[in-house]
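As a basis for the values below, the full set of heavy atoms in this structure was taken, side chains included, without hydrogen atoms, waters or symmetry mates.
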Amino acid sequence: MRRTKKIHSGHLLLAEPFMLDPYFRRAVVLLCEHGTEDGTIGFILNKSVRMQVTELVNDFPEFEAEVYYGGPVRTDTLHYMHTLGEQLEGSAHVVDNIYWGGHFDQLKIMIDNGMVGEDDIRFFVGYSGWDSTQLEAEMQKGSWILQNAQTDYIFKENYDKLWEEVLHDKGNVFSVIGKVPDFVALN
């Protein structure tokens with residue numbers, strides 16, 4: 001059995017390069033909650049649904065913000081990460097200056113009043129979830145690579161190469177793993 005580092009909120013999970021699960025293939029997941037009786041909750045950072053938040057929420061103020069696929073659980077829900085901190089009531093601190101959730105009506109008012117910029121927030125449909133022992137079991141099998149989150153991984157303009165970028169930054173053998181082509185059989 002593999003030894004795993006202690007998992008906590010603020011970690012990134014990087015899918016191992018040959019993971020076949022279509023939801024998590026080459027995924028970078030930010031963990032927002034871990035170790036509670038509900039298990040673990042996170043959001044896939046690098047899979048766009050190619051829609052704007054205004055297309056999903058009818059009464060949302062005019063705002064240019066792409067929506068991402070957070071994961072296969074409860075895809076009928078909208079979640080958000082932001083840098084607003086305690087300005088947005090009810091938000092939960094994740095890591096550094098990254099917060100999760102908060103009062104939705106207050107968020108809409110803040111956006112409408114120009115208090116929130118497009119670089120301050122990311123929206124997700126659904127989330128990634130594991131029961132209390134499931135993620136540790138997947139880590140033991142080698143399904144995930146653990147890395148500390150950095151703000152610039154979460155709020156950036158282009159997420160297409162995020163998986164490769166985080167592995168490269170991790171260094172050593174991970175830099176090589178990040179260069180493995182997505183579909184080896186095509187090379």
Is it the case that one hydrophobic cluster holds both [X] and [Y], taking links as side-chain heavy atoms less than 4.5 Å apart, direct or via other members?
X: Leu78; Y: Phe124; value: no
X: Leu14; Y: Val173; value: yes
X: Val176; Y: Leu167; value: no
X: Val116; Y: Val67; value: yes
X: Leu30; Y: Ile41; value: yes

Between the main-chain N or O of [Y] and the side-chain N or O of [X], is there a donor-acceptor pair closer than 3.5 Å?
X: Lys170; Y: Leu146; value: yes
X: Trp163; Y: Ala15; value: yes
X: Tyr80; Y: Tyr99; value: no
X: His34; Y: Gly39; value: no
X: Ser91; Y: Gly85; value: yes
X: Glu33; Y: Thr40; value: no
X: Arg122; Y: Tyr68; value: no
X: Ser128; Y: Gly70; value: yes
X: Asp21; Y: Tyr23; value: yes
X: Asp112; Y: Pro61; value: no

Side chains of [X] and [Y], heavy atoms from C-beta outward: is any pair under 4.5 Å?
X: Asp119; Y: Phe155; value: no
X: Met81; Y: Ile121; value: no
X: Phe123; Y: Leu56; value: no
X: Met115; Y: Leu84; value: no
X: Trp144; Y: Val29; value: yes
X: Leu135; Y: Leu13; value: yes
X: Leu31; Y: Trp130; value: yes

Take Phe174 and Val166, measure what side-chain contact (heavy atoms from CB on, under 4.5 Å) needs, and give me the verdict at the end. CA-CA 9 Å; Phe174 299 103; Val166 176; over 6 Å; no
Report the C-alpha separation of Tyr159 and Val28 in whole Å, then their side-chain angles, then the decisive distance to 0.1 Å, and conclude whether the side-chain contact (heavy atoms from CB on, under 4.5 Å) test is met. CA-CA 10 Å; Tyr159 295 93; Val28 178; over 6 Å; no
Taking everything shown except [X] itself, do over 12 heavy atoms lie less than 6.0 Å from its [atom1]?
X: Asn148; atom1: CG; answer: yes
X: Phe63; atom1: CZ; answer: yes
X: Asp76; atom1: CG; answer: yes

For [X] versus [Y], what's the shortest heavy-atom pair and its separation?
X: Ser143; Y: Met19; result: O-CE, 3.2 Å
X: Asn158; Y: Asp160; result: OD1-N, 2.8 Å
X: Ser9; Y: Cys32; result: OG-O, 3.1 Å
X: Asp96; Y: Ala149; result: OD2-O, 4.3 Å
X: Gly129; Y: Val73; result: N-CG2, 3.9 Å

Phe24 and Ile44: CA distance, side-chain angles, deciding distance, side-chain contact (heavy atoms from CB on, under 4.5 Å) verdict: CA-CA 8 Å; Phe24 294 109; Ile44 300 172; 3.7 Å; yes
State which residues pass salt bridge (charged side-chain N to carboxylate O under 4.0 Å, His left out) with Asp152; sequence neighbours excluded, sorted by chain then number.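 Salt bridge (charged side-chain N to carboxylate O under 4.0 Å, His left out) list for Asp152, sorted by chain: empty.
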Quick one: salt bridge (charged side-chain N to carboxylate O under 4.0 Å, His left out) partners of Glu138, sequence neighbours excluded? none
Under the side-chain hydrogen bond (donor to acceptor under 3.5 Å, both in side chains) test, which residues partner Lys161, sequence neighbours left out? none
Could you list the residues that satisfy side-chain hydrogen bond (donor to acceptor under 3.5 Å, both in side chains) with Ser48, not counting sequence neighbours? Glu66
Rounded to the nearest 0.5 Å, how far apart are [atom1] of [X] and [atom2] of [Y]?
X: Ile177; Y: Glu164; atom1: CD1; atom2: CD; value: 12.5 Å
X: Gln134; Y: Met139; atom1: CD; atom2: CE; value: 13.0 Å
X: Ser175; Y: Asp169; atom1: OG; atom2: CG; value: 8.0 Å

Can you list everything that forms a ring-ring contact (aromatic ring centres under 6.0 Å, His included) with His79? Sequence neighbours excluded, please.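 Scan of His79 (ring-ring contact (aromatic ring centres under 6.0 Å, His included), adjacent residues dropped) gives Phe43, Tyr127.
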Please set out all donor-acceptor pairs under 3.5 angstrom arising from side-chain atoms of residues 102-111, sequence neighbours excluded.
{"from": "His103", "atom 1": "ND1", "to": "Gln106", "atom 2": "N", "distance (Å)": "3.0"}
{"from": "Gln106", "atom 1": "OE1", "to": "Glu89", "atom 2": "N", "distance (Å)": "3.0"}
{"from": "Gln106", "atom 1": "NE2", "to": "Gln87", "atom 2": "O", "distance (Å)": "2.7"}
{"from": "Lys108", "atom 1": "NZ", "to": "Asp59", "atom 2": "OD1", "distance (Å)": "3.3"}
{"from": "Lys108", "atom 1": "NZ", "to": "Asp59", "atom 2": "OD2", "distance (Å)": "3.0"}

